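Accompanying notes for the structure given below.
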Amino acid sequence: MLSVPELFRRASIEIRGHVAWGSAVPDTSSGVYVIALAEPAANFTAKLSEDQLKRWNADEEIIYIGRATQLRKRIAQFYRHEYGRSSPHRGGQDIKLLTGLTEVYWGSALDFAEAEKAMIDAFHAEVGALPFGNRMRAAQKRAASN
């Protein structure tokens, strides 16, 4: 299992803080954030479809890696997002179906896109898949929309 601190270490980013899901993030800088299960061994898959279950990484605490130009604002958008809507934070919305304790960790990064890529690459190299909430890499999303 790849831990949150190890993921940040592999991307050479310092964890600046963490809060329980739904709690305000005070940091207004740009950077990356990770949503992780507070209880990795618990079964959070009851509401997931068959396709979602195929992406579930059993025994992994990290379920989403994201980036933001302003961490506080972007994470607040994630909290407000309603499953199935296109905004304000469609990426990672499948984790909104999970009913369990999750935590948000963040770190500052001027080149937040590169930092996110480094974290996703490290996770993929360790686990052999993307985090559950990351359906595809950001570069793939941009290419698909062009």
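Note that these values count all heavy atoms, side chains included, but never hydrogens, waters or copies made by symmetry. What you see is a predicted model, and the numbers here were worked out from it, not measured in a lab.
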For the residue pair [X] and [Y], establish whether any side-chain heavy-atom pair is separated by less than 4.5 Å.
X	Y	result
Phe78	Trp21	yes
Ile65	Leu7	yes
Asp94	Arg135	yes
Glu126	Arg10	yes
Glu60	Leu2	yes
Pro26	Trp106	yes

Would you find a donor on one side and an acceptor on the other, under 3.5 Å apart, between the side chain of [X] and the backbone of [Y]?
X	Y	value
Tyr64	Phe132	no
Ser30	Ala109	yes
Asn57	Ile63	no

Straight-line distance of [X] [atom1] to [Y] [atom2], nearest 0.5 Å:
X	Y	atom1	atom2	value
Ile35	Ile95	CD1	CD1	3.5 Å
Asp59	Leu37	CG	CG	10.5 Å
Glu103	Glu61	CD	CD	8.5 Å

**Request:** Run the salt-bridge test on Glu114 and Lys117 with the 4.0 Å N-O cut-off and return the result as yes or no.
**Result:**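 No.
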**Message:** Holding to ring-ring contact (aromatic ring centres under 6.0 Å, His included), I want the full list of residues that pass it with Tyr105, two or more places apart in sequence or in another chain.
**Reply:**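 Listed in chain order: His18.
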**Request:** Indicate whether any N or O donor in one side chain lies under 3.5 Å from an N or O acceptor in the other, for Asp51 and Ser49.
**Result:**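 Looking only at side-chain atoms, Ser49 and Asp51 do not form any donor-acceptor pair under 3.5 Å.
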Heavy-atom closest pair, residues [X] and [Y]:
X	Y	answer
Arg72	Thr28	NH2-CG2, 3.1 Å
Val32	Phe8	CG2-CE2, 4.2 Å
Ser108	Asp27	OG-OD2, 3.6 Å
Gly66	Glu116	CA-OE2, 3.7 Å
Pro5	Ile15	CA-CD1, 3.9 Å
Ile13	Ala115	CD1-CB, 3.3 Å

**Item:** Stepwise side-chain hydrogen bond (donor to acceptor under 3.5 Å, both in side chains) test for Gln77 and Arg80
**Value:** CA-CA 5 Å; Gln77 289 173 337; Arg80 287 194 320 272; 5.8 Å; no
**Message:** One pair to check against side-chain contact (heavy atoms from CB on, under 4.5 Å): Val104 and Tyr79. What are the steps and the verdict?
**Reply:** CA-CA 11 Å; Val104 180; Tyr79 293 158; 3.7 Å; yes
